[in-house]
Amino acid sequence: MTGPTILDRPERRLDGDEKTTGAAKYTADLEVPGALQAAFVRSPYPHARIVSVDTARARSLAGVRAVLTGADVRGQRLGRRLQDWPVLCWDRVLFVGDRVAAVAADTREIADDAVRLISVEYEELSPLLDMDEALRPDAPVLHPDGASYRFLEGRGERPAVPHPNHQGHVLETHGDVDAAFARAARTFEHEFATPRIHQAALEPRAAVVWVEGDRVRVVSTNKAPFNLRDQMAATLGLSKDRIVVDNGTIGGDFGGKGLSTDEFVLYHLAKATGRPVRVVTRYADELTTTNPRHASRIRLRTGVDADGRIVAHESHALFDGGAYAAGKPTARLLVEGGVETLEGYRVPAARHEAATVYTNQVPGGHMRAPGQPQNVFASESHLDLIARELGITPLELRRRNVARPGDPTTTGEPWHGPDLAALLDRAALDIDADRPRPGGRGIGFALGVRHVGRGSTTISLRLGRDGTIEARTGVGDQGGGQHTLIQRIVAATLGVDPVTVRVRRLSTEGPQDPGIGGSRVTPVHGGAALAAAQALKEKLGGRSVAEAAKALGTGEEIVVSAKFDATASDHGACAHAIEVAVDVDTGAVRVLAAVVAVDVGQVINPVGLRGQLEGGFVYGLGMALFEDLALEDGRVRAANLGDYKLPTIADVPPLRIVHLSDGHGVGPYGARSAGELVNPGVPAAVANAVQDACGSRVHTLPITAERVWNALPAPTRRPSGPVRS
Amino acid sequence: MTQHRIRFTLNGAAVDLTVPAERLLVDLLRDDLGKTGTKDGCSVGVCGLCTVQVDGAPMSACLLLATQIDGAAIRTVEGLASPLQEAFISEGGFQCGICTSGQLMAADALLRVKPKATDAEIRDWQMGNLCRCTGYYGIERAIFKARDER
Amino acid sequence: MRLEHRVTVDAPNATVWAVLMDLPVAARCVPGTRDIALDGDGVRGTLDVRVGPVKLALAGTVVVVSRDEAAGTARLRADAADQRIGGAVRAFVDLVVTGDAPTELAIASDVAILGRIGELGQPLIARQADKVLAGFAECLRRTVAAR
Amino acid sequence: MRPFDYVEPETLEEALEILAADPDDTVVMAGGTSLVILLKQDLIRPARVLGLRRIAELRAISATDEGLVLGALATHGMLARSPAVRAHAAALASTFAAVATVRIREQATLGGNLAHADPAQDPPVTLLALDGAAVARSRFGERRIPLDTLFTDLFETSLEPGELLLRVELPRLPVAARATYQKFLPATRDDYATVSVAAAVATDARGACTHARIALGGAATVPLRAREAERSLMGRRFDDAAIREAAALAAAATDPIDDLRGSASYKRAMVGVWTERALREVA
């Protein structure tokens with residue numbers, strides 16, 4: 001399906017004026033008269049028993065209005081699905097940064113002083129700092145009462161796990177894997193690792209909570225307010241309709257703002273003081289105590305026939321879930337994108353084992369395409385290594401194995417989605433893959449495949465006498481252009497100028513909404529916008545919007561509402577081609593050029609889409625080259641943005657994005673999701689290019705100069721360089 | 001502990017007030033003067049969210065004591081009227097918008113002193129303003145456009 | 001983090017051992033210590049450390065966790081907290097005394113930084129801890145020599 | 001932030017009096033970029049902050065018959081743009097231009113940079129290679145501190161309590177001297193250097209080395225002079241063998257810290273690589 005011409009014109013974002021004048025109000029910008037400031041006492045130990053907490057000195061400090069400890073909230077745990085994270089710890093702390101007490105005071109300085117006056121006596125316990133240790137048969141069990149934890153309702157049940165320190169575990173098989181391996185001409189096995197990395201939305205989390213009559217009012221940076229409401233209701237033992245969650249403008253999410261941890265204790269502080277209580281997370285706490293992308297270790301084994309065609313595949317993936325599984329909203333408590341390795345390829349028989357593991361590290365959570373970047377780094381690096389061993393080019397190996405319509409994929413499901421071979425060919429063409437390159441330069445490829453999200457929401461439209469339409473939705477706009485997407489679908493469907501369509505976000509007092517995430521908004525909210533616009537069109541019965549508006553009396557409006565359930569299965573896809581230069585004396589990698597060939601179906605927001613794809617590329621580039629939330633003894637070493645390095649404008653290479661669309665997306669007008677499509681493939685493409693350039697194979701992200709230098713094959717190293725010790 | 005009378009201009013208007021020694025410029029702007037367009041991000045001068053112009057030069061409001069701007073001319077996004085703003089909208093120079101005020105104040109400072117800044121100079125100048133959304137391409141296009149259309 | 005030091009002392013093994021096990025004497029050998037006093041089986045006191053402009057006053061205790069005079073090995077545990085910045089340092093120190101005139105002392109320390117002191121940065125703290133231990137080793141050599 | 005007193009004297013004499021009255025509890029603020037972070041993190045709690053910004057004489061940059069004089073309050077931005085600095089050594093101007101980001105360069109000062117003694121900083125390395133000396137004053141008089149004795153440890157200098165850093169003096173370079181500053185940034189462009197190398201050399205008519213200074217950043221807890229490497233070059237031509245030998249000697253002189261920007265062994269090797277590159281640039 002081809003969309004209306006309105007969609008071909010660049011959009012002017014609904015939030016453009018307020019964001020370029022400073023008028024947009026983010027949660028930390030809200031004026032809340034009489035608000036107290038909260039601060040928390042955090043554990044310095046990765047694992048310890050709380051012996052005692054002495055708050056007397058803090059309570060007597062002038063300006064302190066409330067002090068709470070774990071004892072005050074004993075038994076209350078929070079989480080998106082499994083509620084295993086204590087609102088405040090009462091018996092044990094499980095990671096450096098776990099909260100033991102909370103203070104509300106007149107100013108942030110007083111709150112900070114009070115925190116220092118609270119003395120906590122701990123008895124140190126030996127910490128489980130790595131996954132292998134945690135999975136030893138005799139390892140201490142980090143959540144001995146885990147069976148009693150609340151598991152929030154939704155699709156799916158809490159998984160059974162083989163070890164009590166598993167958060168989630170899965171073994172999926174299709175085909176006779178062992179027989180298929182037995183038939184393979186050659187079998188290859190490799191292991192890869194990725195570190196924790198942080199979403200690093202530049203707006204730190206913030207929240208304000210107050211009690212108003214029998215209502216609990218929450219303003220939060222959480223990107224899924226209904227989910228936060230439901231979590232709070234479950235944890236705090238309140239009925240859902242007593243809690244109202246609202247947002248300010250959200251300053252970036254990238255998955256991290258799906259988990260909120262402060263709002264729960266802020267409620268208790270607000271109740272104790274009768275005043276609004278707010279907190280704006282210090283960036284150091286943001287980096288060290290919120291839910292980063294899981295570190296992973298992934299082992300892959302693949303059998304190929306004499307022609308290099310994949311006949312059998314298996315994967316073993318471990319994800320370090322840290323102290324709590326609370327950050328994962330999925331029923332299996334996995335980072336689901338990490339389970340099915342070799343996505344996008346024809347895999348006649350496969351076995352995938354994946355697990356998330358409890359350790360005494362900072363808890364893991366969701367981040368832009370959860371699990372996928374780890375998976376794709378392993379899968380696409382593995383393919384390159386296989387190609388080299390087989391003596392064929394990595395591109396040729398991919399061409400032979402890429403899934404075509406109807407081919408069995410790694411899940412056993414037949415492939416339906418974009419033409420992957422065409423994407424690869426186009427990326428190869430645009431990077432000029434056949435051109436000989438001088439020493440120290442190389443190119444690398446990777447494929448990216450991302451499902452299109454599903455779910456249900458309601459959007460209503462109100463046509464007023466002035467001819468304008470207000471669309472009401474429960475979804476926020478964290479920067480992805482969600483509201484402009486709704487505006488343009490409505491305008492396109494009704495054939496009106498987009499400027500006549502406004503979008504208003506409702507709090508949780510409006511109809512249920514799943515929030516932002518899971519590549520959901522384009523099919524789900526876009527679909528609902530389309531359905532609502534079609535419903536309005538029908539109601540107008542052949543009249544134009546302008547005619548219908550003129551016929552309205554004072555105060556009259558035409559209201560329609562559409563609930564839409566997006567159920568169809570679909571994928572967006574992209575092929576990466578990246579050219580690098582490696583300085584072989586130092587190992588330093590410079591990305592010279594990048595091409596991303598994408599199929600995201602019909603474009604709704606051309607400017608916004610470009611931004612999602614370009615931004616996704618750089619997001620992946622950061623993971624490839626720089627980002628590493630390294631821990632030492634359970635403590636995050638890079639606790640500020642001076643040490644946790646994000647790409648800057650001077651670090652990004654020339655990037656060409658090529659659109660190839662079959663126009664068959666399942667979203668409105670044939671659209672597909674784009675936000676989580678591009679970032680997962682970048683690290684593998686860079687790693688593959690680095691090996692092509694200099695022979696260094698880096699199995700562990702990020703691809704630092706030092707790692708590349710250490711992995712240089714002997715002949716590449718200069719024969720008579722300076723002293724290297 | 002000590003209180004200090006400071007006089008400066010904010011977006012052209014004279015301001016005369018008394019602040020405690022430890023007041024940061026970012027807090028003065030946001031909390032005392034209600035100018036919340038200037039954001040507080042990393043709090044260590046790296047991210048650029050709090051970029052304001054001090055006598056025309058871009059600086060981190062999170063690293064300046066209010067006493068240090070006595071006598072200076074301060075410009076924040078609330079006082080900005082520049083073709084950069086429309087260019088950021090049309091070219092995709094922002095998504096979530098949290099870095100946008102800082103990006104704009106930095107870019108405006110450059111184009112005021114160097115209307116024909118080269119692409120490389122623009123990249124070097126904006127290097128201190130992080131953006132996690134756009135990958136910077138839209139920001140580049142916006143600044144180049146505002147420069148070229150001058 | 002793990003820090004290792006070795007010092008060779010031109011003195012009898014027994015003398016070196018005796019000085020090490022005389023905790024007040026050994027503790028005073030750590031540069032920057034003050035107010036050293038016996039406290040049960042161990043000692044208490046304060047260690048002043050400067051990390052550039054940041055001044056820490058680490059108040060705490062050192063106790064002997066285990067000792068085996070025949071093998072020449074001992075394990076000490078040090079716990080100290082800074083009240084002002086908020087944070088603590090904990091170290092297990094393994095001492096191995098071998099040889100005899102010259103006697104070699106190997107000091108292996110497992111140091112953990114807890115709380116806000118860690119914000120100074122691990123590398124920086126490792127360097128300071130390293131310096132303190134090097135100073136200790138040097139003082140020990142002098143002290144033993146003087147006996 | 002925790003309360004403190006702020007004093008902002010108009011003259012140097014006043015500033016020295018204030019500092020002398022309570023040197024232990026007074027911290028000096030020039031640009032404030034590093035100090036404010038320490039205050040915000042509550043890592044330091046001075047009773048008083050002594051702001052220098054009104055003492056205009058400390059801002060001057062001037063070329064003299066003896067060389068170049070850089071005022072302690074000159075910002076990195078001023079120094080990077082200064083024709084006098086560029087005329088003295090283009091490498092010096094580019095060193096200041098390479099510091100952090102434009103915002104920091106506009107606020108942070110030369111004196112603040114040196115007094116803070118962050119071992120990852122750029123200017124001390126080039127200033128060391130240019131034989132710089134700091135001039136400090138207390139109520140008891142002025143003192144000249146060669147830069148290779150100013151830095152004593154991580155964030156530690158040989159400035160005495162009560163002393164203020166006034167300026168940095170650079171002697172004239174030998175005729176036809178060439179200098180360079182090489183900053184190794186393997187990660188992001190706004191990062192601290194993993195290692196950095198400054199070199200200043202001069203040769204006679206036959207190409208033999210008559211002057212050699214090599215300074216290293218990120219190579220130890222303080223900026224280092226690679227003196228053996230310098231000595232090895234004297235009287236020799238800058239051929240491959242001489243350059244490699246000097247690079248190896250420079251690497252051997254290092255004692256780097258393992259940190260997020262590289263292991264000690266990698267940094268040591270990189271000092272070799274970048275010393276070699278620096279020398280090839282000026283040879």
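Computed over heavy atoms, backbone and side chain alike; hydrogens, waters and symmetry mates excluded. Naming: A, B, ... by sequence-line order, numbering from 1 per chain.
Enclosure of atom CG in C:Asp68 by more than 12 non-hydrogen atoms of other residues, nucleotides or ligands within 6.0 angstrom is indicated.
Of the residues considered (A:Glu124, A:Arg635, A:Arg116), A:Arg635 shows the highest number of contacts with chain C, using heavy-atom pairs under 4.5 Å. Considering only heavy-atom pairs separated by less than 4.5 Å from chain A, the leading option among C:Arg90, C:Gln83, C:Met1 is C:Arg90. With respect to chain C, the highest number of heavy-atom pairs below 4.5 Å among A:Val115, A:Val96, A:Asp633 belongs to A:Asp633.
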Salt bridge (Lys or Arg N to Asp or Glu O under 4.0 Å), that's the test. Do C:Asp48 and C:Lys55 meet it? Break it down for me.
CA-CA 7 Å; C:Asp48 290 317; C:Lys55 294 166 204 152; over 6 Å; no
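Judged by distance alone, the side chain of A:Thr281 and the main-chain N or O of A:Arg205 form a donor-acceptor pair under 3.5 Å.
A:Tyr324 and A:Asp98 share a side-chain donor-acceptor pair at under 3.5 Å.
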